[in-house]
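Values reported hereafter were calculated over all heavy atoms of this structure, with side chains retained and with hydrogens, waters and symmetry mates removed.
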Amino acid sequence: MAATPYRSALEVREGKLVHPRPGAALDGTQSNGFALSSTRAGYNGVIISGGHSAFTLKNAKIDLKGAGQNDFLAIGAGVLVRDRASVVIDHAAITTAGAVASALAVAEGATLRVYDSRLVAHGGPLPKGYVRHIGPGMMEPPAPLGLDGTARTVLAMSNGHAYFYRTTIEADGWGALSTDAAGGNLYVEANDCVLRVKRRGYAAYADFGAHVVLNRTVMESGGEGGIIAGEARIDMNRVSGKVGRVGVMIHSVMGNPAEVATLNLIDTTLETVGPVLLVKSANAAILVEGGRLSSASGQLLDLRKNDDANATKTGGAKVPGVVLTLRKTSQTGDVASSDGDRNLTLALEGAKLDGALRHVVFKADAASHWHATGPSQITLAPGAALSAIDAGEGITITANTQDSNLPDGNRRLPSGGTLIITHL
């Protein structure tokens with residue numbers, strides 16, 4: 001970014017106002033009432049940079065209708081915060097309408113706090129001759145994600161830290177709260193916010209090296225609630241979400257086969273059309289504690305091969321696999337794997353699950369209960385409590401085991417189903 005020429009209405013560099021804008025109260029530390037409406041392409045509203053910049057942007061109204069050029073460089077963003085700057089945005093309305101024109105970008109170790117604001121990116125038409133690709137300069141989501149749109153509303157990159165409070169972040173498509181080129185120490189937090197995507201897109205994205213935390217936040221999306229790529233993390237605490245496809249999708253592309261994604265859903269409610277959780281050729285540690293997850297498709301977790309040509313390959317190596325832990329919660333839905341490269345383990349800890357399990361390693365304590373609602377195939381983990389397993393009349397569970405203390409044979413379950421134990 002340092003070598004990129006920008007054009008902007010207001011710029012603060014190393015705590016000094018580079019060029020003033022008439023009609024608003026401002027200096028090198030604050031602006032109150034900054035207003036801008038522009039149709040220029042590749043034009044930024046506000047740029048704040050440098051470790052000596054501690055700036056407050058209050059009551060700003062920014063409306064940009066020009067196309068961006070490269071959102072990795074935040075050319076055309078409503079506000080760009082970069083290079084270790086520390087910025088507060090309070091009661092702002094920032095709207096963009098152009099391809100790769102983000103409402104807000106934070107990067108290069110900068111720290112940003114946004115209060116009681118509204119951030120919107122409508123996107124716009126792609127330039128003539130644009131060729132779809134993945135990486136810096138891309139102007140639409142990678143095709144394998146199956147998303148709409150041409151702009152990410154908030155884009156956090158390169159070890160930035162961003163905190164949002166009581167703020168609405170809205171996108172037409174692609175993504176509302178996005179990360180990219182994380183740098184290994186990128187942190188994004190949304191508190192009491194609304195993340196809204198009108199068409200197929202994601203409410204929140206955690207790229208390799210990013211940690212995204214959503215607290216008491218509402219998600220609305222025509223696509224995904226969240227996406228995790230590679231070794232990244234999303235925490236949802238008391239989140240409420242309703243999405244048109246998948247609650248959270250986890251995948252690994254062009255990565256290391258040993259990397260593990262982390263997802264924690266605590267007291268969170270998600271309503272989905274497709275699987276609540278979809279893992280595609282990736283390793284993941286997933287915790288669900290409390291809350292309520294529901295899928296119209298009846299799928300709680302689906303582990304499958306990634307159809308993305310850039311999917312990380314294992315090369316036959318042993319990988320960590322996927323572990324779904326249900327703790328002190330009651331959930332409904334099937335858990336299944338069709339990915340032969342890694343194990344899928346379900347661990348119940350004082351939890352209840354109604355659903356079918358297919359190709360799952362099963363762990364449960366004595367305080368848990370699994371009621372199979374369809375034919376199931378499991379492998380019993382050492383110490384798994386058989387007392388936790390049940391199924392209704394006519395439903396058979398096939399359980400493989402290496403425990404020599406468990407004899408082969410059929411067992412009738414309390415609700416009339418059958419448990420068939422076989423040794424590997």
Side-chain angles (χ1 to χ4, degrees), residues 1-24 26-31 34-57 60-89 92-112 114 117 119-124 126-127 130 135-139 150-162 178-181 183 186:
M1 287 181 173
T4 302
Y6 293 95
R7 298 174 299 153
S8 66
L10 171 62
E11 182 177 358
V12 176
R13 189 184 308 151
E14 295 293 357
K16 296 181 180 179
L17 192 62
V18 175
H19 49 84
R21 173 153 178 97
L26 60 90
D27 55 29
T29 63
Q30 63 179 328
S31 168
F34 176 82
L36 172 68
S37 180
S38 173
T39 59
R40 298 170 65 180
Y43 189 67
N44 291 73
V46 178
I47 299 177
I48 305 165
S49 64
H52 292 99
S53 293
F55 193 84
T56 297
L57 184 67
K61 293 185 178 180
I62 299 173
D63 185 6
L64 303 182
K65 291 186 172 63
Q69 294 178 5
N70 182 334
D71 62 358
F72 284 82
L73 297 174
I75 300 173
V79 176
L80 166 59
V81 181
R82 57 170 290 267
D83 187 25
R84 299 168 292 114
S86 180
V87 174
V88 171
I89 297 177
I94 304 171
T95 303
T96 62
V100 292
S102 298
L104 180 59
V106 55
E108 299 176 333
T111 299
L112 170 69
V114 180
S117 295
L119 312 172
V120 181
H122 294 293
L126 296 171
Y130 171 75
M138 67 182 185
M139 303 185 80
T150 58
R152 297 177 272 190
T153 306
V154 170
L155 185 52
M157 299 175 286
S158 54
N159 301 321
H161 286 65
S178 190
T179 66
D180 216 322
L186 177 66

Ile47 vs Glu11, test: side-chain contact (heavy atoms from CB on, under 4.5 Å). Steps then yes/no.
CA-CA 5 Å; Ile47 299 177; Glu11 182 177 358; 4.2 Å; yes

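- A distance of 5.0 Å separates OG in Ser37 from NZ in Lys65, rounded to the nearest 0.5 Å.
- Nearest heavy-atom pair, Ser49 versus Ser53, reported as atom, atom and distance to 0.1 Å: O-OG, 2.6 Å.
- Pairing each heavy atom of Leu119 with each of Ala103, the nearest pair is CB-CB, 4.2 Å.
- Separating the CG atom in Leu17 from the CD1 atom in Ile48 is a distance of 10.0 Å, to the nearest 0.5 Å.
- With hydrogens and angles ignored, the 3.5 Å screen pairs no side-chain donor or acceptor of Thr96 with any backbone N or O of Gly98.
- Heavy-atom minimum distance, Thr179 versus Arg152: O-NH1, 4.4 Å.
- Contact annotation: the side chain of Leu112 approaches that of Leu104 to within less than 4.5 Å [non-hydrogen atoms, C-beta and beyond].
- Rounding to the nearest 0.5 Å gives a distance of 9.0 Å between NE2 of His122 and OG1 of Thr153.
- Of all heavy-atom pairs between Gly45 and Leu36, the closest is CA-CD2, 3.5 Å.
- Going from atom CD1 of Ile62 over to atom CG of Leu57 covers 5.5 Å, rounded to the nearest 0.5 Å.
- Shown here for Gly123 and Ala151, the closest heavy-atom pair between the two residues is CA-CB, 3.7 Å.
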Go through Met138 and Tyr130 one step at a time and tell me if the side-chain contact (heavy atoms from CB on, under 4.5 Å) criterion holds.
CA-CA 9 Å; Met138 67 182 185; Tyr130 171 75; 3.9 Å; yes

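- The salt bridge (Lys or Arg N to Asp or Glu O under 4.0 Å) test applied to Arg7 returns no partner, not counting sequence neighbours.
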Derivation and outcome, side-chain contact (heavy atoms from CB on, under 4.5 Å), residues Tyr6 and Leu73
CA-CA 10 Å; Tyr6 293 95; Leu73 297 174; 3.9 Å; yes

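- Using modelled atom types, one side-chain atom of Thr150 and one backbone atom of Gly124 make a donor-acceptor pair closer than 3.5 Å.
- Looking at Asp180, its side chain never comes within 3.5 Å of a backbone N or O of Met157 through a donor-acceptor pair.
- We find the CG-CD1 distance between Asp63 and Ile94 to be 11.0 Å, quoted to the nearest 0.5 Å.
- When each of Glu14, Lys16, Arg84 is tested with His52 by the rule side chain to side chain donor-acceptor pair (under 3.5 Å), just one qualifies, namely Glu14.
- Using a distance-only test at 3.5 Å, with no hydrogens or angles considered, a donor-acceptor pair links the side chain of Asn44 to the main chain of Ala74.
- No cation-pi contact links Arg82 to Phe72, judged by a cut-off of 6.0 Å to the six-membered ring centre and 45° from its axis.
- Here the OG-CG distance, from Ser102 to Leu64, works out to 11.0 Å after rounding to the nearest 0.5 Å.
- When all heavy atoms of Ala156 and Leu186 are compared, the closest pair comes out as O-CD2, 3.4 Å.
- The main-chain N or O of Glu108 is found under 3.5 Å from a side-chain atom of Ser158 such that the two form a donor-acceptor pair.
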